[in-house]
Enquirer: 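This is the structure I have questions about; it appears just below.
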Amino acid sequence: MKTQRRSLTWIAFLFLFLVVAMTGCSQNSPKQLKNAYRNMFLIGTALNRMDILNPDSPSLPVVKMHFSSITPENVMKWEVIHLEPNRYDFTAADAFVAFGEENNMHMVGHTLVWHSQTPAWVFKDVSGEPADRETLLQRLRDHISTVVGRYKGPLHAWDVVNEALEDDGRYRQSPWMRIIGKEYIEKAFQWAHEADPHAKLYYNDFNMWYPGRREKVIQIVRDFLSRGIPIHGIGLQGHWGLDYPPLEALEESINAYADLGLEIAITEMDMDMLPSPGPYTGADINAHFEARKEIDPWHDGLPDSMQVVVSSRWVQFFQVLNRHHDKIERVTIWGVQDGASWRNNWPVRGRTAYPLLFDRNYRPNPAFDAIIKLPVEK
Ligand code: XIL
């Protein structure tokens, strides 16, 4: 009886030892993307509701293994967290933060002020007419203080204002701009800073390599810095494709933004690799093109020849990013696996896209294999 108990103790001990050893190894394995890039920048991903609210989601082990930063893909947007006046729903956002805390992850809040995914009531008064300036400012302030205040501490950064500019550098004529004027931008940064003085506050946009937008962002940031308006980071969304942006333009932009002395992050990287439905390189979620068979050619799988093209483009981008790793805080990929990417439905609905680093079965694809090998150990 005694011997039996002793051998059972030994088996339990051995089992425990193996578990601890395996966990230890996996924390530092060169096969982990975040680990391969630990001397370069954080490697992030975006989580959606299905992952956050389902502890058995197959995404979660992949996220824990390979990513050091997480951004909520939708659950902190105004239409989710604050769909109706005076009623906030923090269910999914709280679960996102709990997951990040449990796994010691860097966390980014996305996003506080945007023209998309914001409910119509925000911009209206009780009779359905456009709200007046004071009302909208007050709503903005309440929203920012409540949401940023709730996650003060665990969240490290916020995409405070999203897509406030056009490609040519004009202010986007969003309801924010029409009702408040351009001051809504600085107010948002000020209120976010008041609610969490330690959070890094970002301006985030697409096509950040267009000269018009770039010059305007630089001008706004300089103005903010000179007036003591808190801004700490520039987010380049990184919805990039096989033939845009030109690598030189990307590199020039990284240098120009870095000269401002702010953090730079690639905040939503994915690869537009399907045939283009039209001349468009942006990421305005309201842009839509008709579905056509010719522009959805890889419904049944991506041929190897095409996978090579896609992977080599990922490598080109990562070569640029790696070269400038001293200026880049984080590179976030906009989702875990191809099947869950917004690219399958935007800018054309119902296509089959391969824009991420894991396939529909959560297996790393050749682009992943290529970029994990790029960093040189320091
Ligand atoms: C996208 C999400 O990925 C989709 O699930 C959603 O339907 C629309 O928004 N720029 C942004 C992101 O800042 O929030 C957008 O995310 C993609 C473009």
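Indexing begins at 1, ligand by ligand and atom by atom, following the structure's order.
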Enquirer: Tell me the closest heavy-atom pair linking His106 and Ser69, and the distance in Å.
Expert: ND1-OG, 2.9 Å
Enquirer: Please confirm whether Trp346 comes under 4.0 Å of ligand 1, counting heavy atoms of the residue only.
Expert: no
Enquirer: Which residue owns the protein heavy atom closest to atom 8 (C) of ligand 1, what's the atom, and how far is it?
Expert: Gln117 OE1, 3.5 Å
Enquirer: Which pair of non-hydrogen atoms, one from Leu356 and one from Met269, has the smallest distance, and what is that distance?
Expert: CD2-O, 4.3 Å
Enquirer: Is Phe206 in contact with ligand 1, taking contact as a heavy-atom separation below 4.0 Å?
Expert: no
Enquirer: Quick check on contacts: which atoms of ligand 1 are under 4.0 angstrom from a heavy atom of Ala283?
Expert: 18 (C)
Enquirer: Out of His110, Gln237, Lys77, Glu73, who gets a non-hydrogen atom closest to atom 9 (O) of ligand 1?
Expert: Lys77
Enquirer: Can you sort out which atoms of ligand 1 are near Asn162, meaning under 4.0 Å from one of its heavy atoms?
Expert: 11 (C), 13 (O)
Enquirer: Look only at the side chain of Tyr354 and the backbone of Trp298, and say whether a donor-acceptor pair between them is shorter than 3.5 Å.
Expert: yes
Enquirer: Output the list of atoms in ligand 1 that are nearer than 4.0 Å to some heavy atom of Asn74, sorted by atom number.
Expert: 2 (C), 4 (C), 5 (O), 6 (C), 9 (O)
Enquirer: Evaluate Glu268 for polar contact with ligand 1, using N/O atom pairs at a separation under 3.5 Å.
Expert: yes
Enquirer: Are Val108 and Phe90 linked, directly or through intermediate hydrophobic residues, by side-chain heavy-atom contacts shorter than 4.5 Å (ILVMFWY only)?
Expert: no
Enquirer: Where does the angle between the aromatic ring planes of Tyr184 and Trp176 fall among parallel (under 30°), tilted (30 to 60°) and perpendicular (over 60°)?
Expert: parallel
Enquirer: Give the ring-plane orientation class for Phe358 versus Phe368, where under 30° counts as parallel, over 60° as perpendicular and anything between as tilted.
Expert: tilted
